[in-house]
Amino acid sequence: MTTLTDIPRQATRGTAFLIEDSRPQDIFTPEDLSEEHLAVGHMVDEFWANEVEPNLPAIREKKPGVAMSVLRKSVELGLTAMAIPEEYGGMAMDLPSLMVTAERMGRDGSYGGWHSAHTGIGTLPVVYFGNEQQKRKYLPKLAKLEMLAAYALTEPLAGSDALAARTRADLSPDGKHYILNGQKMWITNGGAADLFTVFAKVGGEKFTAFLVERNFPGVSSGAEEHKMGITGSSTTAVYLDNVPVPVENVLGEIGRGHVIAFNILNLGRLKLGPAGVGAAKNVLAICLKYAKQRKAFGSTISEFGAIQHKLAEMAIRIFAAESMTWRVVGLIENQMHGASGVRADASANASAAGSAQELKAIEEFAAECSMVKVYASEMLDYVVDEGVQIHGGYGYHQDYTVERAYRDSRINRLFEGTSEINRLVITGMPLKRAARGLLPLFEAASAVLQEPERQPKEAVGDAELSLVRSAKKIALLTLAVAHQKFGAQLEQQQEIIMNLSDIIMEVFAMESALLRSRKLAAAAGGANAADACAVYSRDAIGRVELSSRTVLSACAQGDELRQNLSRVRGYASHDPVNAIELRRRIARRLLASERYTA
Ligand SMILES: Cc1cc2nc3c(=O)[nH]c(=O)nc-3n(C[C@H](O)[C@H](O)[C@H](O)COP(=O)(O)OP(=O)(O)OC[C@H]3O[C@@H](n4cnc5c(N)ncnc54)[C@H](O)[C@@H]3O)c2cc1C
């Protein structure tokens, strides 16, 4: 079993970063991964090189049985059992180990889809919500891949609006079964899965989760969908035609299916962080090599400033996404396993109390999981797009990895909740917490609003730290003004919500990048990190200012608007750096190492 690494013990709450300061030593970063975590990473790397990579062409072409045979080989290494408690045949690994694996699996969405859907959204509903009998029956089989798992929430007429599901479950006259009828859509692993977590409404009303085996009568899959990317993952409809599901297979409580659906999605969203970062690092490494060998106008294209800008910006955004991701992994892992930091033994870990604590931790940081998902998926789309550009016409050809990476990337902004739905969570969560008295958001915001319009800048001696603090003030001010204007109706002002989410996400990205770069500097490392942070925080404050101006201009007019805009301008003002030179420096280091380095 992997033991817990030295996770910083910051006692914080979800979204409290908006009103609290953190120190570099408070956050978890990839540099804190233990020897054991790194060993997990090496093991997955080797497996990837020996078993996955050679089979990828066949997997992408959907050659029958290939993906499953590779997945079966991964059983020997425990890769299908990592999240399952030991007493049910699993390895009870900690969250960082799962995320280290997810980063490696992110290299290719076709194979990654099989692994991730089985070990994540497929298996975790049983781990977290199964009763003892259900865990004993299914988890050992899922650990050994004697059953392949899938998660069936979406329907043709209920995607983002999952609770509008039409699949229904009616109790049989003898009370022994629920009879399921309906259709699920876009189900990953749908073509091969043996066990589905299916969401259906009992009596057409109470949204509930069920464990449905493929061999129950009336379960069938549609044909494989023809997708834009991740062509080798299995995606099908699943039909439920008078399927008798034993009452023992109700997962969790009747009418509480939404708790399962949303908590499992939170973890899925977090996992897209390392997966996106892994995919982006891979593309950047390919681009660095290509740029060094492709010649134009008598030199390699790596010598052109325009190309260096792209390479550096790719690395800067990867750095921000990576810093956010691991910070959230640390926050959740810390909360999951208590202030002691000692991971509970296997049996206790498997207990209902352990699961409840883990679920609470995931729920607590739901907004942070959404931020990681949105940021990493949009970062990856930027990276693959510039990757194609660096390859010129060759980037448009199927023989080149970037062409596939470009298509594969696009799904990440759609599944596990679209970017829009996640942005609703990012702004909605702190507002809800504030309304419930769990987060003194409006108290902090009113302190900002009471600051004189021309507040002299705090002399903190660290320009980027000052920018982070200013960004927080802009976030609080903008949230408060929007809330004052629209009150409970704010959620209907979606353009405002989207802008507020962008501000909140940028604050988290800026702070995570800053804290990590300072932590690296304290350990005499992170040359790229320091330059990346200097560039990123200045670009980000510009984006924060723009989003804030958009919101403020929709909330007030005249003197009030002028005053608010003037405050924001004051907070956002900063001394510039020579971003062109800093990006060139980052690019030179990247080109020398031919891979992403922090
Ligand atoms: C390859 C692939 C694999 C998938 N795997 C699975 C799986 O394993 N299990 C599973 O259950 N599902 C899966 N899905 C489904 C996926 O989660 C949904 O496609 C996604 O949630 C969006 O739902 P939808 O496609 O119905 O889009 P819609 O909900 O129709 O959304 C259309 C557009 O409207 C926007 N929109 C919708 N509601 C709002 C709102 N309230 N405010 C603002 N904008 C809004 C959306 O953001 C989007 O831009 C998969 C999908 C794909 C393509």
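Note that ligands are numbered from 1 as they come in the structure, with each ligand's atoms numbered from 1 the same way. If you're wondering where the values come from, they're calculated on a predicted model, not measured in any experiment.
- When heavy-atom distances to ligand 1 are checked against a 4.0 Å cut-off, Glu225 has no atom that comes that close, whether in backbone or side chain.
- The protein atom (non-hydrogen) at minimum distance from atom 9 (N) of ligand 1 is Tyr151 O, 2.8 Å.
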Q. Hey, mind stepping through Ser74 and Glu51 against side-chain hydrogen bond (donor to acceptor under 3.5 Å, both in side chains) and telling me if it holds?
A. CA-CA 9 Å; Ser74 79; Glu51 306 294 346; over 6 Å; no
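- Residue contacts with ligand 1, taken as heavy atom pairs separated by less than 4.0 Å, involve Thr418 solely via side-chain atoms from C-beta onward.
- Residue Lys227 touches ligand 1 through its side chain alone, judged by heavy-atom distances below 4.0 Å.
- Considering backbone and side-chain N/O of Thr188, one or more are found under 3.5 Å from N/O of ligand 1.
- The part of Leu414 lying near ligand 1 is the backbone, judged by heavy-atom distances below 4.0 Å.
- Close approach to Ile411 involves these atoms of ligand 1, each under 4.0 Å from a residue heavy atom: 1 (C), 2 (C), 52 (C), 53 (C).
- Checked for salt-bridge contact, Asp502 and Arg423 meet the test: a charged N lies under 4.0 Å from a carboxylate O.
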Under 3.5 Å donor-acceptor pairs involving side-chain atoms of residues 547-556, not counting sequence neighbours:
from, atom 1, to, atom 2, distance (Å)
Ser547, OG, Arg543, O, 3.3
Ser548, OG, Thr478, OG1, 3.0
Thr550, OG1, Leu546, O, 2.9
Ser553, OG, Arg549, O, 2.7

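- Atom 30 (O) of ligand 1 is never approached by the protein to below 4.0 angstrom, counting heavy atoms only.
- Polar contact check, Thr235 against ligand 1: no nitrogen or oxygen pair lies under 3.5 Å apart.
- The single protein non-hydrogen atom nearest to atom 39 (C) of ligand 1 is Ile421 CD1, 3.8 Å, given as residue, atom name and distance.
- For Lys281 and Glu103, the salt-bridge test passes: some basic side-chain N is under 4.0 Å from an acidic carboxylate O.
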Q) Passes side-chain hydrogen bond (donor to acceptor under 3.5 Å, both in side chains), Ser110 versus Lys62? Steps please. A) CA-CA 9 Å; Ser110 284; Lys62 296 194 176 76; over 6 Å; no
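- Considering backbone and side-chain atoms alike, Leu153 places an N or O below 3.5 Å from some N or O of ligand 1.
- Residues Phe199 and Tyr151 place their aromatic rings such that the two centres sit under 6.0 Å apart.
- Among Ser160, Gly109, Ala158, the residue whose heavy atom lies nearest to atom 27 (O) of ligand 1 is Ser160.
- For the pair Arg407 and Glu403, the salt-bridge criterion is met [side-chain N within less than 4.0 Å of a carboxylate O].
- Partners of Glu213 under the salt bridge (Lys or Arg N to Asp or Glu O under 4.0 Å) rule, at least two apart in sequence or in another chain, are Lys137.
- Residues Ser234 and Asn189 bring no donor and acceptor atom of their side chains to less than 3.5 Å of each other.
- Atom 49 (O) of ligand 1 has its closest protein heavy atom at Glu420 OE1, 3.5 Å.
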